[in-house]
Amino acid sequence: MANEEKLAKIRHSMAHVMAEAVLEIFPDAQIAIGPSIENGFYYDFELPRPLLTEDLDTITEHMKAIIKQDKKFVRKEVTRQEAAELFKDQKYKLELLDAIPEGEAVTIYNQGGFTDLCRGPHVESTKELSADGFKLLSIAGAYWRGKESNPMLTRIYGTAWQNAKDLRLYLDHLADIEKRDHRKLGKELDLFSLHEEAGPGLVYWHPRGARVRQVIEDFWRQEHYKNGYEMVYTPHVGKSWLWETSGHLGFYKDGMYPPMEMDKADYYVKPMNCPFHIMIYQNSKKSYRDLPCRWAELGTVYRYEKAGALHGLMRVRGFTQDDAHLFVTPDQMDDEIMEVLRFSLHMLHSFGFNDIHAYISTKPEKSVGEVEKWDAATEALKKAVEKEGLAYDIDEGGGAFYGPKIDLKIKDAIGREWQLSTVQFDFNLPERFKMTFVDKDGVEKRPYMIHRALLGSIERFFGVLLENYAGAFPPWLSPDQIAIIPVGEVAFDYSKQLEKRLRAEGFRAVADLSNERMNAKIRNAQKLKTPYMVIIGEKEMSGDAVSIRYRNGKQVNLVSTEDFIREVHKAIDNKEQI
RNA sequence: GCCCUUGUAGCUCAGCUGGUAGAGCACCACCAUGGUAAGGUGGGGGUCAGCGGUUCAAAUCCGCUCGAGGGCUCCA
């Protein structure tokens, strides 16, 4: 922790050094804000011209020179008038000064050639900064104070560490992230594609990607049946009545694809599945005996995401939610929430995610539904999280206007967090659709409605899996599980028969009978990250055996085919990574 | 939506300050029949994202549009 504080000081000080360097190069620059952030720092400027990547080199040179001068960071408390005088040419600083609450001390830091309005803290001197422990990474635009209506400033991002070695490690980490990029892997492994000419943000699943998706979906359905859910299918479009009733046309219209007119009615492509599930609920009068209803659907929805927000599979315009809605009586709520949470964890664990953190979001200022309901629901969420012994944070006031929620974030193989599961109460839709059930006392009451998605969306989840495994899926998920590689043409027939035999076992096996040398076939299977490559030559043919080459390069020769089949079954059944 | 960057063959990319396009991989054909990460030879394939402008001449310069990348904002 002390180390984190030290790094934060280094990074914040580095931001000041960068500001000084930028002012040396552009004396007329307006400086805005420059904090330390995770792994580094940034500073926002208003510059006389756009920055080029080459400028980063120049700025870096200036920064190194400043660092070597062993400049002291001197803190000083000043009056507002003094500060206003000091920053009279810096409009953003003056705005910041105005924003400091009356009565609070105004402090400045000076490092010789540069003074900044800043509350600190900083290192004592630039000699504590490492001239080769930092790197300027990128130039970006950022709104002044994060407001879309404000001017766009130029932000320079950098990373800074205590020494060159730590910087090296971090840059290696960045390279690792780049290698794992699901967009790149998706291309290399021939899993999916996007086609701008056919519509941005819409995903095309290739055969190899579709195989993985099938495995995920089959598993998902099977587990849902095991856990008391029913599957439903609902339409992809609905008349405006549906969206007016749900309220989407009122507050979410911009997020929806525009309407199609037919028979004098407007039809909208669904951005959510909920109203459709409610239609099923409304189809008959419900008794407390019918509840809880647990209805699940892999529902494909379309949303108009802003062009700038689209990102590979992670943020798209058409995606499939692994959705379910639970309609429950008030006294079923606690148990149902606990079950949902338990089930979520089970699913995440099944896919190899064991480092899970929960975030509970509570009632925001603007909300619908009675306070008692909010309290009861929030309490149910907390109890469930505590019962599962999950680490959790509470985001006070961070819930949606219609109900509190739990989000689960997992950590992937290289420590990045991804939000997958979400469990949300909804006090809005049951009201709007006037949903009821008849309770024991014969009185019509409102059911509680819970939305939940365990994997989030199939597209995004697939992207997370891809990055987590760096494309090397464990055998149970791998598009191809076994590549059969004949040494020469004499082994082609045998290889074909072996392919048949392995497929009969349920394995995704493919014999490579192409006009290539064995070396090239191994290389190709290796590039596709196929977990098992089995080599078939005369020795194997005569002994009903295979020689296994694992994708990690490990080699086991002349294993009996029966033993190999058992081994693969075991790995698949146990969802092992190899 | 905004800022910066960017758009050359299916993929990865080269093409200096303007003179009507190249490589490797992939694909096709032929030869080679091969024991653990690319065998050889030949061939086909591009209105240089689109539209407009400057110019004798534009992949190259300028403008607009569309898309992509990195950010910001947004993600009820």
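In what follows, chains are A, B, ... by sequence order, proteins preceding strands, each numbered from 1.
B:C62 sits 34 Å from B:G24 when the C1' atoms are compared, rounded to a whole Å. One P atom belongs to B:G18, the other to B:U12, and the distance between them is 29 Å to the nearest Å. Taking the C1' atoms as reference points, B:A9 lies 11 Å from B:A26, given to the whole Å. Spacing between B:C25 and B:A68 at atom P, rounded to whole Å, works out to 31 Å. Between B:A38 and B:G67, the two C1' atoms lie 34 Å apart (nearest whole Å). Comparing the C1' positions of B:G39 and B:G34 gives an interatomic distance of 9 Å, to the nearest angstrom. Nucleotides B:U60 and B:G42 have their C1' atoms positioned 33 Å apart, rounded to a whole Å. Using C1' as the reference atom, B:G45 and B:G22 are 13 Å apart when rounded to the nearest Å.
Whole-Å rounding puts the A:N524 CG to B:C27 C1' distance at 14 Å. Following rounding to the nearest Å, A:L189 (CG) and B:U12 (C1') show an atom-to-atom distance of 16 Å. Counting to the nearest Å, the P atom of B:G70 and the CG atom of A:L174 are 13 Å from each other. Rounded to whole Å, the distance from CD1 on A:I484 to P on B:G35 is 20 Å. Summarising the geometry, the separation between CE on A:M314 and P on B:A68 is reported as 16 Å, rounded to the nearest angstrom. When the C1' atom of B:G34 is taken as reference, atom CG of A:L513 falls 14 Å away, rounded to whole Å. Remark: P of B:G67 and NE2 of A:H311 are 18 Å apart, rounded to the nearest angstrom. Straight-line distance from the CD1 atom of A:I522 to the P atom of B:A38: 9 Å, rounded to whole Å.
Between A:H195 and A:Y204, the gap from one ring centroid to the other is short of 6.0 Å. Taking the six-membered ring for Trp, A:F276 and A:W243 have ring centres closer than 6.0 Å. Aromatic ring centres of A:F45 and A:Y43 lie closer together than 6.0 Å.
Among the heavy atoms of the strands lying under 4.0 Å from A:E540 is at least one base atom, whether or not backbone atoms are also near. No contact: A:R551 has no heavy atom under 4.0 Å from any strand. Within 4.0 Å of A:S547, counting heavy atoms only, lies at least one base atom of the nucleic acid. Within 4.0 Å (heavy atoms only), A:N557 reaches at least one base atom of the nucleic acid.
The partner of B:G67 is B:U6, judged by Watson-Crick or G-U wobble contacts that both fall below 3.5 Å. When both pairing distances are held under 3.5 Å, B:U55 makes no Watson-Crick or G-U pair with any nucleotide shown. In a base pair of the Watson-Crick type (N1 to N3 plus N6-O4 or O6-N4) or a G-U wobble (N1-O2 and O6-N3), with each distance short of 3.5 Å, B:G43 is matched with B:C27. In this structure, B:U20 forms no base pair with any nucleotide, since neither Watson-Crick nor G-U wobble geometry is met with both distances under 3.5 Å. For B:C72, the paired nucleotide is B:G1, the pair qualifying as Watson-Crick or G-U wobble because both relevant distances are below 3.5 Å.
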Could you encode protein contacts along nucleotides 71-76 of chain B as a string, one character per nucleotide from 5' to 3', using B for base contact, S for sugar-phosphate-only contact and - for no contact, with a heavy-atom cut-off of under 4.0 Å?
-> BBB-BB
Under 4.0 Å protein heavy-atom contacts per nucleotide of nucleotides 39-47 of chain B, with B for base, S for backbone only and - for none | B--------
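For A:Q526, taking side-chain heavy atoms from C-beta onward, the closest of the listed nucleotides B:G70, B:G34, B:A37 is B:A37.
Counting heavy atoms of neighbouring residues, nucleotides and ligands inside a 6.0 Å radius, atom NZ of A:K529 exceeds 12 of them.
The minimum heavy-atom distance between A:L454 and A:S344, with the atom names listed, is CD2-OG, 3.0 Å.
We find that A:D266 and A:K239 are not joined by a salt bridge, their nearest charged nitrogen and carboxylate oxygen being 4.0 Å or further apart.
Summary of the strand contacts: A:K527 and A:F492 both lie near RNA chain B, and taking for each the nucleotide with the nearest heavy atom, the more 5' one is attributed to A:F492.
A:Y252 OH to A:M272 CE: the interatomic distance, rounded to the nearest 0.5 Å, is 5.0 Å.
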Worked verdict on A:R180 versus A:E467 for salt bridge (Lys or Arg N to Asp or Glu O under 4.0 Å) | CA-CA 5 Å; A:R180 287 169 182 265; A:E467 300 215 353; over 6 Å; no
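With A:F353 as the aromatic partner, A:K411 does not meet the cation-pi criteria of under 6.0 angstrom to the ring centre and within 45 degrees of the ring axis. Annotation: cation-pi geometry not satisfied between A:R11 and A:F41 (NZ/CZ under 6.0 angstrom from ring centroid, within 45° of ring axis).
Judged by distance alone, the side chain of A:K270 and the main-chain N or O of A:Y302 form no donor-acceptor pair under 3.5 Å.
Under 4.0 angstrom from either OP1 or OP2 of B:U12 there lies at least one side-chain N or O belonging to A:K187.
Each ring pair (Phe, Tyr, Trp, His ring centres under 6.0 Å) pair with one or both residues in residues 510-548 of chain A, not counting sequence neighbours, appears once here: A:Y532-A:Y550, A:Y532-A:F564.
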